[in-house]
Number of protein chains: 2
Amino acid sequence: MGERVLPRAERRRRTEGKILDAARSLFAELGYERTTIRAVAKAAGVDPALVMQYFGNKQRLFQQAVRMTPPGGGELGPEGAVEHVLGALTMKLGELPQSSLAMMRSMLTHPEAAASAREALGEQIERLAEALPGEDARLRAALMTLVMLGITVGHQLLEIDELRGVPQEELARLLRPSLLALTGL
Amino acid sequence: MGERVLPRAERRRRTEGKILDAARSLFAELGYERTTIRAVAKAAGVDPALVMQYFGNKQRLFQQAVRMTPPGGGELGPEGAVEHVLGALTMKLGELPQSSLAMMRSMLTHPEAAASAREALGEQIERLAEALPGEDARLRAALMTLVMLGITVGHQLLEIDELRGVPQEELARLLRPSLLALTGL
DNA sequence: GTCTATACCGTGATAGAC
DNA sequence: GTCTATCACGGTATAGAC
């Protein structure tokens, strides 16, 4: 036989991609427990058993779906750190990668998501701490990170009324003095 | 027959109490989905079907377990509002009522818990907004509330390393200027 | 009235048929 | 390489024992 138009490796890769896209979307919307393998398969247009075949179990499907390359941060002073943190807000409403939303959505109820969240937050805390002066830089960095976590959770996941439709620049403007106060200057 | 030592109404009340205590504890630790009726029943020392008999379904058991009387707040100015918000931190580590933790634990993955959380946060936002000046009092109040939500989630539920063992007074000291900056003074 | 036993359906997971 | 059969577990409904 001649060369196939779509080599099996390529075909497999595309199918995996469809499954992961569907999984990210459902995990982000429903969280780990309420997302069923069967629903992911249906959304991806494949057989449920195929999902198991590819990813082994639900847990590994989740891991693959939320896998993220943490953006490496450069060097910056306290003010730069504040702007960097606020920058997360300036992504427009389509915004945060679905993988982040999926991880956050499940971080309080799924142990694996909690571990991923702790790790991701820990990295951000460490990066921020390097830009802050003083003994308690890590503690202040942790508080800054959790402040933004609270805003993001309330805005993106809980969809608190008071924040609906508020432009991100407005949020950044209101939060900036608050975060600066946490830098310890 | 003479008077019963434990009238059935009293006996029933105690059984319900045991079930609700067990439910609160498990919901707070595991969240809604991972908490099973069977596990609640076992922890309470009763038959699983009895839980159904009393509460109808898991959803209503959850509602009863997280039911809380919101503390009515008095009148206060912006500084008083900040201290009031910070006061939530000063509860010692045993701390937040388990009903609150149960609600927060599930608020991102269980629709009913999300509704309860939105309602509870909305009440606090409204109370804070009354103490703040300016056009955007409600927005500022929402941000203050979400700031505290982020800290609480990171501290109590995610158990972020950097906050472990930090005295609540220290947290309050670091956060006070940040919250004051949000009052819009 | 209070509680127990049992059965049904959906979900994650495994083994094996086509 | 894809799908079916089957199992264990959890939410739920019902029957009936005490």
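Not measured: the values here are computed from a predicted model.
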Q: Nearest whole angstrom, please: distance from the P of D:dG10 to the OH of B:Tyr32.
A: 15 Å
Q) Taking atom P of D:dT2 as reference, at what distance in whole Å does atom CZ of A:Phe55 sit? A) 13 Å
Q: In whole angstrom, give the distance that lies between atom NZ of B:Lys18 and atom C1' of C:dT2.
A: 13 Å
Q | Pair B:Glu16 + B:Arg12: basic N to acidic O under 4.0 Å | A | yes
(Q) Counting only side-chain nitrogens and oxygens, does A:Tyr54 get under 4.0 Å of the OP1 or OP2 atom of D:dG1? (A) no
Q) Hey, can you pull the residues of residues 34-53 of chain B with a non-hydrogen atom under 4.0 angstrom from DNA chain C? A) B:Asp47, B:Ala49, B:Leu50, B:Gln53
Q) Quick one: do A:Glu170 and A:Arg173 make a salt bridge, cutoff under 4.0 Å? A) yes
Q) Within this structure, what is the CG-to-C1' distance between B:Leu26 and D:dG11, rounded to whole angstrom? A) 16 Å
Q: May I have the distance from A:Arg60 (atom CZ) to C:dA13 (atom P), rounded to whole angstrom?
A: 10 Å
Q. In terms of ring plane angle, is the pair A:Phe62 and A:Phe27 parallel, tilted or perpendicular, where the classes change at 30° and 60°?
A. perpendicular
Tabulate below the donor-acceptor pairs under 3.5 Å that side-chain atoms of residues 41-53 of chain A make, not counting sequence neighbours, or state none.
from    : atom 1 : to      : atom 2 : distance (Å)
A:Asp47 : OD1    : A:Ala49 : N      : 2.9

Q | Carboxylate-amine/guanidinium contact B:Asp21 B:Arg24, below 4.0 Å | A | yes
Q. Between the main-chain N or O of A:Leu26 and the side-chain N or O of A:Thr35, is there a donor-acceptor pair closer than 3.5 Å?
A. yes
**Q.** B:Lys58 NZ - D:dT12 P separation (whole Å)
**A.** 7 Å
Q. Expressed in angstrom and rounded to an integer, what is the separation of B:Arg12 atom CZ from D:dC18 atom C1'?
A. 17 Å
